[in-house]
Every structure is written in C-alpha cells, then in structure tokens.
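Given the structure is predicted, the values throughout are model-derived calculations rather than measurements. Quick note: numbers below take in every heavy atom, side chains included, and nothing from hydrogens, waters or symmetry partners.
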Amino acid sequence: MSRDEVLALPATIDVPTACRALGLGRTLGYELARRGEFPCPVLRVGRRYVVPTAGVHALLGLGSATRPHGSAAVDGGVEPTQGA
C-alpha cells in the first residue's frame with residue numbers, strides 16, 4: 001500500500017486493511033489481534049476487530065503528515081507570549 005493510499009484511509013479500518021498497510025499477513029494479523037499483540041491499537045466491537053487509522057499512521061511515522069498545513073503543535077496547549 002502506498003503512502004498516499006494509507007493517508008487516504010478512513011478513520012477506522014478492518015484488520016486485513018491494516019495488515020496490508022503494515023505488510024503483515026491476514027492470518028498473522030488476526031492472531032496478533034486475538035492475543036492483544038497487534039503492533040498498533042485494535043478495538044473489539046462485538047465480534048469484529050476495528051483498527052483506528054491514527055495508530056497505523058503513527059506506527060508508519062505518518063502521524064504529523066496528516067496535520068493540516070500551517071498548524072503547529074504547542075507544548076502543553078499554551079501559546080508562548082512575546083516579551084515574557
């Protein structure tokens with residue numbers, strides 16, 4: 001899966017899609033999810049496993065790539081003041 005394809009994924013994805021993005025086999029992915037050892041967060045919804053795409057982005061180092069241009073992270077949520 002290309003970088004652009006991974007960035008275009010919806011907010012949550014199924015295990016096979018997450019496995020494609022991470023280069024894992026489907027069977028191994030489900031086994032890791034069952035054991036709680038999947039390399040990024042997996043939620044259990046009824047009988048389904050759902051993977052938040054943000055975890056896949058973070059694991060692949062794409063977390064900051066999804067931030068809108070011109071926005072910046074501010075430590076502690078406090079803007080620095082001028083002249084202080």
N/O donor-acceptor pairs under 3.5 Å from side chains in residues 9-30, not counting sequence neighbours:
{"from": "Asp14", "atom 1": "OD1", "to": "Thr17", "atom 2": "N", "distance (Å)": "2.9"}
{"from": "Asp14", "atom 1": "OD1", "to": "Thr17", "atom 2": "OG1", "distance (Å)": "2.5"}

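Partners of Glu5 under the salt bridge (charged side-chain N to carboxylate O under 4.0 Å, His left out) rule, at least two apart in sequence or in another chain, do not exist in this structure.
What you find for Val51 and Pro41 is that their closest heavy atoms are CG1-O, 3.7 Å. Contact between Arg3 and Leu62 at its shortest, heavy atoms only, is NE-CD2, 3.7 Å.
The number of heavy atoms from other shown groups lying within 6.0 Å of CZ (Arg48) does not exceed 12.
Following chains of ILVMFWY side-chain contacts shorter than 4.5 Å, one cannot reach Val50 starting from Val42, and the two form parts of different hydrophobic clusters.
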